[in-house]
Amino acid sequence: MKLAAKLEELTKWYELKSETVKALRGVTFDVPEGDYVAIMGPSGSGKSTLLNLLGCLDRPTHGSLFLGDANIANMNDNQLSHTRATRIGFIFQSYNLIQQLTVVENIEVPLYYQGRLSKSDRERCHELAGMVGLGDRLKHRPAQLSGGQQQRVAIARSLVNDPYFVLADEPTGNLDTVTSEEILKLFESLNAMGKTIIMVTHENEIAAHAKRVIRLRDGLVQSDVRKTDRIILN
Amino acid sequence: MLWLRTWRLGIKSLLLHPMRTGLTVLGIFIGVASVIWLLAIGEGISQEAQRQIEGLGADNIMVRSIKPLNPPNASANAFILAYGLLREDYQQLTETIPTIKSALPIREMRRDVRYSDKKLDARVVGCTPEYADVTRLFMDRGHFITDAEVKQSQNHCVLAAKVVEHLFPYEDPLGRRIYVQDHNDYYRIVGVCRDRPPTAAIGGSLDAQDFSQDIYIPISTMRKRIGDTVVMRSGGSREGETVELNQITLRIDNIHNVVKTAALVEATLEKNHSKLQDTKVIVPLELLEQAKRIRMMLMVAFGLVAAISLVVGGIGIMNIMLATVTERTREIGIRRALGARRTDIVRQFLVETIAMSVLGGIIGVFFGLIFPPGFEALRDLVTKLSPETIAALPDVMRDGSPIIVPASIPLAFGISVVIGIMFGLYPAYRAAQMDPIEALRHE
Ligand SMILES: Nc1ncnc2c1ncn2[C@@H]1O[C@H](COP(=O)(O)OP(=O)(O)O)[C@@H](O)[C@H]1O
Ligand SMILES: [Mg+2]
């Protein structure tokens, strides 16, 4: 099976003045295409650090992270930016839309940084907005939308560049239960369409929607369980 | 397509804070406008000066009598002071210097003149026919002094327009005779000049001249009927001076010979006048060159002042952009996460500063262009409302007008763009250097 990401002994140290914080101490796992992974773990276990590495926002201290054939450990700043623009979709807890842009324009941003915005690209953005249920809000600004709607825009934006995987950091953390359910449904249908999703959460109910749960502890993988396995274990 | 989008985005971001953007643009606008204005004022002043000097004739040399500062007391009748140019000088100059095409002797003095019950303190000018041509005097009616009138020392005269207004408010002066009081003498009026504005003083070398109270008579007539000596009664004492000629205007055959000839003229006058220092040679061509040098200095000085205001505007831009960058840290983080390279971030913020400075530049150029007509309209308005204010202004402000230096438009505009880039670069660089993870966490 093709891999969306391959982590080998992935290590991240933060060099502080007084000490070295070992946030990740050798994490190894594969993410096959079409997987839906929830990353869990107590605070300080290295979830955010791992997500930053997967999102090519940072480089590992040791080890390697392959996205396709390329090891991001060997990339320079511009190459990392290019990878983010072309191959990664981000979804944040606080949506992180750009306030002065409309819904479509927000969805277009990653394409803009790829240096392409053809007519067909434009149409694709409209389609994605329709897919997340915002076809009638194309010209609205983030401030005119509810939290759930904003997160839908963010989801559409994360898909626009056809990424290796979508990275979601507590995507329902700011939403009420009903809206959370809707968003999770959307994730499931995206996953059913073949999209790879990696999601950080600390809630078991949320993690239960994923196919696979990886638990971190002190910068190491504590457990890596697939849903099918869980059913068997039960 | 994409750059268009970059610009649209920049403008959108600027419009999020219209007040802030407006004030920043104002800073640049004032800078650009002041470059154009100051250069236009400088150009106006120097062109006015140049025009006045050229009015004297660039191919002329003027030799004038000046009252000596410390006159000798040796003469028998000490209350009469003799000084200045002599007819002998005139003779010598015209006979010994071949580059002098023609020479115009002038003698002028103040006299009381009358017609019926009207009286005027006039400037009586003894001259030759060339005077009208050399000093750009135009006739309204009649004719100027002729060669025949000079030859025969006729008691004919030509009046300046203002003199006519004063002495002949209701009558036609031609053919009538005015009375010169001190000499108990009559002069027949043969011509009337067109009105003529006074000339301004030029540097320290030439006093302002008011032609409005002039009465022109043949120089030979003046010598014969009035003489060289003028006595003035002031209080109880009598004071007088003997002057043969007040001025000789020399026309030089070729403009290239002017400077050379001036040196020869100085040397020729040396003999009679080195002791008293009672003559002065004025070379308009040299004044012209001097005026050009002063123009350069004005331009540099004004340019400097304007440049300072542009720099101040640039600092305004930098200040605002630094604040904007801090404020939009989160946005920078989002954009970096979505694939923006450092250069993309630099470009984004640079576009905003350039947009502001270009807009300021355009408005500045617009206001720069309407400055001269605006200035004149304002002056006309003030003239109408309070003529005293205008009268109190220096000549250049009354007669001159700002003249836009064509090069100042692209210059000012170019500088504003450069300022936008220069002062925008640092904030943009700061934005680009942010760690995307930190920036995303920023509240
Ligand atoms: N930029 C940083 N500089 C120094 N230490 C950091 C930095 N980011 C995270 N850490 C440390 O690394 C460890 C893992 O942090 P993090 O990945 O944020 O864990 P989690 O997201 O699971 O709470 C923590 O001890 C944290 O203090
Ligand atoms: Mg965290």
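What you see is a predicted model; the values in this text were computed from it and never measured. Note on naming: letters A, B, ... go to the chains in the order of the sequence lines (proteins, then strands), and numbering restarts at 1 for each one.
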Worksheet item: chain A heavy atoms under 4.5 Å from B:Arg330: which part of the residue, side chain, backbone, both or neither?
Response: side chain
Worksheet item: At a heavy-atom separation under 4.5 Å, does B:Glu438 approach chain A through its side chain, its backbone, both, or neither?
Response: neither
Worksheet item: Side chains of B:Phe423 and B:Val311: does their closest heavy-atom pair fall under 4.5 Å?
Response: yes
Worksheet item: If only atom types and distance count, is the side chain of A:Thr201 paired as donor or acceptor with the main-chain N or O of A:Glu203 below 3.5 Å?
Response: yes
Discussion item. Strictly distance-based, threshold 3.5 Å: is any side-chain N or O of A:Arg217 a donor or acceptor partner for the main-chain N or O of A:Pro42?
Written reply: no
Discussion item. Tell me whether B:Thr324 contacts the main-chain N or O of B:Ile320 through its side chain, where contact means a donor paired with an acceptor under 3.5 Å.
Written reply: yes
Practice prompt. Against chain A, label B:Arg347 side chain, backbone, both or neither, depending on which of its atoms sit under 4.5 Å from a heavy atom there.
Written response: neither
Discussion item. Counting heavy-atom pairs under 4.5 Å with chain B, which one of A:Glu105, A:Gln114, A:Arg116, A:Arg87 comes out on top?
Written reply: A:Glu105
Worksheet item: Looking at B:Arg335, B:Glu331, B:Arg342, which one has more heavy-atom pairs under 4.5 Å with chain A than the rest?
Response: B:Arg335
Fill in: Engaged part of B:Leu9 at the chain A interface, taking heavy atoms whose separation is under 4.5 Å
side chain
Practice prompt. Please flag which part of B:Arg328 lies under 4.5 Å from any non-hydrogen atom of chain A: side chain, backbone, both or neither.
Written response: side chain
Discussion item. Would you call the rings of A:Tyr36 and A:Phe187 parallel, tilted or perpendicular, taking 30° and 60° as the class edges?
Written reply: perpendicular
Fill in: Modelled atom types, side-chain donor and acceptor of A:Asp121 and A:Ser118, under 3.5 Å
yes
Worksheet, complete the sentence: Against chain B, residues from residues 131-145 of chain A with at least one heavy atom under 4.5 Å, in numeric order, are A:Arg141
